[in-house]
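What follows is a set of notes on a single structure, which appears directly below.
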Amino acid sequence: KSLIILLLIILMQGCLVFHTVSYEVNLDTEKSGTVTMMITDIRSDALDASELEKDKKQLFQDMLKGDDFVKQMRDEGKNILDRKLFISNDKLNGTVKYSFDDISKVESIVYQEPFYFITIPLEDSIVSTNGEIIVSDNHKRIMWDNSISTLKFEMFSADVESGSLVELTKYLEEE
């Protein structure tokens, strides 16, 4: 399964797209801690008003305020601590902070002493990380030594500047 991104596939099924997603995983123990995800430049690829209304409802009602989203994430071992949408540099961005008791619930990160690692398909683009990127014939892997207590990585999702994507910043104020 592709990294981009188990949570966001569930979160943004449908017509919502975004530029990048970054993860900051703060470890409390070897396998538990908190994650802060930041999603940048969220847009809709809706082709008509009806699709746009569905996207707005999904983003502003279900994901930002809805209890079902919190329950769904809890069922996946992710306990939502905070979620917000905000505008920065004229772009709609979002953050989700959650706690976890099992590091493998965070994008299938694996802990094999003395390393943490995440395996990513070759076609996925890593924007940045504080780990080491190792590329093989079949995949990419980001590795962190277990002396690092904050694992960071950012992934590219979509070129939102091209095409006819709908910017959603103006709708945030309506909510």
Evaluate the side-chain proximity of [Y] to [X]: yes if any heavy-atom separation is below 4.5 Å, no if none is.
| X | Y | result |
| --- | --- | --- |
| D62 | D68 | no |
| L52 | Y171 | yes |
| I103 | L27 | yes |
| V70 | N79 | no |
| D102 | F100 | no |
| V35 | V96 | no |
| L16 | Q58 | yes |

For this session: Could you tell me which residues satisfy side-chain contact (heavy atoms from CB on, under 4.5 Å) with K54, sequence neighbours excluded, listed by chain and number?
Result: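 Once residues adjacent in sequence are excluded, the partners of K54 under the side-chain contact (heavy atoms from CB on, under 4.5 Å) criterion are S50.
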Exercise. N138: what forms a side-chain contact (heavy atoms from CB on, under 4.5 Å) with it, not counting sequence neighbours?
Worked result: S136
[atom1]/[X]: more than 12 non-hydrogen atoms of other groups inside 6.0 Å:
| X | atom1 | value |
| --- | --- | --- |
| D48 | CG | yes |
| K91 | NZ | yes |
| D90 | CG | no |
| D75 | CG | yes |
| D67 | CG | no |

Quick check: does any side chain N or O of [X] sit under 3.5 Å from a backbone N or O of [Y], one acting as donor and the other as acceptor?
| X | Y | result |
| --- | --- | --- |
| N130 | K152 | yes |
| K140 | L122 | yes |
| R43 | L165 | no |

With sequence neighbours excluded, tell me which residues meet side chain to side chain donor-acceptor pair (under 3.5 Å) with [X].
| X | result |
| --- | --- |
| E53 | K56 |
| N93 | none |
| D137 | none |

What are the two closest non-hydrogen atoms of [X] and [Y], and how far apart are they?
| X | Y | result |
| --- | --- | --- |
| I80 | F69 | CD1-CE2, 3.9 Å |
| S44 | A46 | OG-N, 3.0 Å |
| I120 | M155 | CG2-CE, 3.8 Å |

Find out if a path of hydrophobic residues (ILVMFWY) with successive side-chain heavy-atom gaps under 4.5 Å connects [X] to [Y].
| X | Y | result |
| --- | --- | --- |
| V21 | L64 | yes |
| M143 | I109 | no |
| F86 | L168 | no |
| I87 | I42 | yes |
| L59 | L172 | yes |

For this session: Kindly determine whether V106 and K78 satisfy side-chain contact (heavy atoms from CB on, under 4.5 Å), including the steps that lead there.
Result: CA-CA 8 Å; V106 183; K78 301 169 182 174; 5.8 Å; no
For this session: Take T129 and W144 through the test side-chain contact (heavy atoms from CB on, under 4.5 Å) and record every step on the way to the result.
Result: CA-CA 10 Å; T129 181; W144 297 268; 3.7 Å; yes
Exercise. So, are K84 and D82 salt-bridged, with charged N and O less than 4.0 Å apart?
Worked result: yes
Problem set entry | Electrostatic pair E113:K31 at N-O distance under 4.0 angstrom |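 Here E113 does not pair with K31 in a salt bridge, since their nearest N and O are not under 4.0 Å apart.
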Seminar exercise, completed: Residues joined to L47 in its hydrophobic cluster, side chain to side chain under 4.5 Å directly or through other members, sorted by chain and number, are none
Exercise. Going through the checks in order, is the side-chain contact (heavy atoms from CB on, under 4.5 Å) test met by I142 and Y116?
Worked result: CA-CA 8 Å; I142 304 173; Y116 292 92; over 6 Å; no
So, [X] versus [Y]: side-chain donor-acceptor pair below 3.5 Å or not?
| X | Y | answer |
| --- | --- | --- |
| D101 | S32 | no |
| Y111 | N146 | yes |
| E154 | T20 | yes |

For this session: Assess whether side-chain contact (heavy atoms from CB on, under 4.5 Å) is satisfied between T150 and V25, documenting all intermediate values.
Result: CA-CA 5 Å; T150 302; V25 182; over 6 Å; no
Exercise. Parallel, tilted or perpendicular: which fits the ring planes of F153 and Y23, with parallel below 30° and perpendicular above 60°?
Worked result: parallel
Drop me the distance from [X]'s [atom1] to [Y]'s [atom2], to the nearest 0.5 angstrom.
| X | Y | atom1 | atom2 | value |
| --- | --- | --- | --- | --- |
| M63 | K57 | CE | NZ | 11.5 Å |
| T119 | I134 | OG1 | CD1 | 10.0 Å |
| R83 | M37 | CZ | CE | 13.5 Å |
| M38 | K97 | CE | NZ | 14.5 Å |
| Q112 | F117 | CD | CZ | 4.5 Å |
| H139 | I118 | NE2 | CD1 | 11.5 Å |

